[in-house]
Amino acid sequence: VQLQASGGGLVHAGGSLRLSCAASLRTFSNHNMAWFRQAPGKEREFVAAITRSSVNTYFADSVKGRFTISRDNGENTVYLQTNSLKPEDTAVHYCAAGMFPTYSSGRRFQQTQAYEYWGQGTEVTVSS
C-alpha cells in the first residue's frame, strides 16, 4: 500500500496550494482519509478528514474557513485545498487512510492511531 502526497511548495502568506494524495489502496472507497501536518520541533497534528463517501468533513480550528478537503474515489485520490496560507501553516503535510467506522465521533478522526496507512509527506513553506 502506498500513499503518494504531492503539491507542496514555497508560497507567500496569503497564497494557496492544492495538495494531492494518490493511494494504491484497492479498497480506497472503504477508507476515511485525512491530512495531518508536522512542523519542525512539534508533534504531528490533525488538519482535516473526510469520510468514505464525502458525507462528512472535519477540520482543525486553525484551518477552518481556509482549507477544504475532497476526494475522488474513482481516482483513488484525496485533495487538500489550502487558501489564505499563513507562516504558521509551514509543515510537512501527510495524508493518511483509516478503515474505522464512519459513524465514529469527530474526535476519532483527529487521532493518528485511527489511521493504518500513511504517505511520505509533502512540504509546505509559507513565507511572511
Side-chain angles (χ1 to χ4, degrees):
V1 173
Q2 188 173 19
L3 302 180
Q4 185 71 39
S6 62
L10 171 64
V11 296
H12 292 296
S16 299
L17 287 172
R18 190 191 194 205
L19 308 185
S20 300
C21 174
S24 64
L25 287 163
R26 284 198 305 159
T27 55
F28 179 80
S29 61
N30 288 342
H31 286 75
N32 302 301
M33 299 298 295
W35 288 92
F36 288 76
R37 66 187 181 187
Q38 188 166 16
K42 295 188 176 182
E43 293 187 353
R44 192 168 296 191
E45 65 175 6
F46 169 77
V47 176
I50 187 167
T51 53
R52 300 169 188 177
S53 55
S54 305
V55 171
N56 291 316
T57 57
Y58 303 90
F59 296 93
D61 288 343
S62 59
V63 306
K64 278 180 182 176
R66 300 188 298 121
F67 291 11
T68 58
I69 186 170
S70 60
R71 65 189 293 165
D72 184 336
N73 285 346
E75 296 293 329
N76 280 22
T77 302
V78 62
Y79 303 97
L80 186 69
Q81 178 66 43
T82 66
N83 300 325
S84 302
L85 283 163
K86 304 175 181 179
E88 50 264 44
D89 293 318
T90 295
V92 177
H93 285 64
Y94 299 89
C95 59
M99 199 185 289
F100 53 94
T102 301
Y103 55 78
S104 299
S105 68
R107 177 161 177 76
R108 181 75 173 141
F109 285 84
Q110 301 178 35
Q111 297 173 333
T112 57
Q113 58 265 39
Y115 299 89
E116 302 94 88
Y117 304 111
W118 290 81
Q120 87 291 355
T122 184
E123 190 164 7
V124 173
T125 303
V126 185
S127 63
S128 56

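Just so it is clear, the values below take in all heavy atoms, side chains as well, and ignore hydrogens, waters and symmetry mates. Everything numeric here is computed off the predicted structure, so don't read it as measured data.
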So, the side chain of [X] versus the backbone of [Y]: is there a donor-acceptor pair under 3.5 Å, distance only?
X	Y	result
Arg71	Phe28	yes
Thr51	Asn56	yes
Arg52	Ser29	no

So how far is it from [X] [atom1] to [Y] [atom2], rounded to the nearest 0.5 Å?
X	Y	atom1	atom2	answer
Leu80	Phe36	CG	CZ	12.0 Å
Ile69	Gln81	CD1	CD	12.0 Å
Gln4	Asn76	CD	CG	14.0 Å
Tyr103	Arg108	OH	CZ	11.0 Å
Phe46	Trp35	CZ	CH2	13.0 Å
Phe67	Leu85	CZ	CG	5.0 Å

Hydrophobic cluster identity match, Val47 and Val11, side-chain contacts under 4.5 Å
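Same hydrophobic cluster.
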Run the side chain to side chain contact (heavy atoms under 4.5 Å, CB included) check on Thr82 and Val124 step by step: do they pass?
CA-CA 10 Å; Thr82 66; Val124 173; 5.8 Å; no
With sequence neighbours excluded, residues passing ring pair (Phe, Tyr, Trp, His ring centres under 6.0 Å) with Tyr58
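Once residues adjacent in sequence are excluded, the partners of Tyr58 under the ring pair (Phe, Tyr, Trp, His ring centres under 6.0 Å) criterion are Phe109.
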Under 3.5 Å, which donor-acceptor pairs do the side chains of residues 88-96 form with other protein atoms, sequence neighbours left out?
{"unit_1": "Asp89", "atom_1": "OD1", "unit_2": "Arg37", "atom_2": "NH1", "d": "2.9"}
{"unit_1": "Asp89", "atom_1": "OD1", "unit_2": "Arg66", "atom_2": "NH2", "d": "3.0"}
{"unit_1": "Asp89", "atom_1": "OD2", "unit_2": "Arg66", "atom_2": "NH1", "d": "2.7"}
{"unit_1": "Asp89", "atom_1": "OD2", "unit_2": "Arg66", "atom_2": "NH2", "d": "3.4"}
{"unit_1": "Asp89", "atom_1": "OD2", "unit_2": "Lys86", "atom_2": "N", "d": "2.8"}
{"unit_1": "Thr90", "atom_1": "OG1", "unit_2": "Pro87", "atom_2": "O", "d": "2.9"}
{"unit_1": "Thr90", "atom_1": "OG1", "unit_2": "Val126", "atom_2": "N", "d": "2.9"}
{"unit_1": "Thr90", "atom_1": "OG1", "unit_2": "Val126", "atom_2": "O", "d": "3.4"}
{"unit_1": "His93", "atom_1": "ND1", "unit_2": "Ala91", "atom_2": "O", "d": "3.1"}

Thr68 and Tyr79, any side-chain heavy atoms less than 4.5 Å apart
no
Can you find a pair of side-chain heavy atoms, one from Arg44 and one from Trp118, that are under 4.5 Å apart?
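With C-beta onward as the side chain, the pair touches.
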Neighbour count >12 (heavy atoms, 6.0 Å) for atom CD, Gln113:
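Enclosed.
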Identify every side-chain donor-acceptor pair in residues 14-27 under 3.5 Å, counting partners at least two apart or on other chains, and give the distances.
{"unit_1": "Ser16", "atom_1": "OG", "unit_2": "Asn83", "atom_2": "OD1", "d": "3.0"}
{"unit_1": "Ser24", "atom_1": "OG", "unit_2": "Gln2", "atom_2": "N", "d": "2.7"}
{"unit_1": "Ser24", "atom_1": "OG", "unit_2": "Gln2", "atom_2": "O", "d": "3.3"}

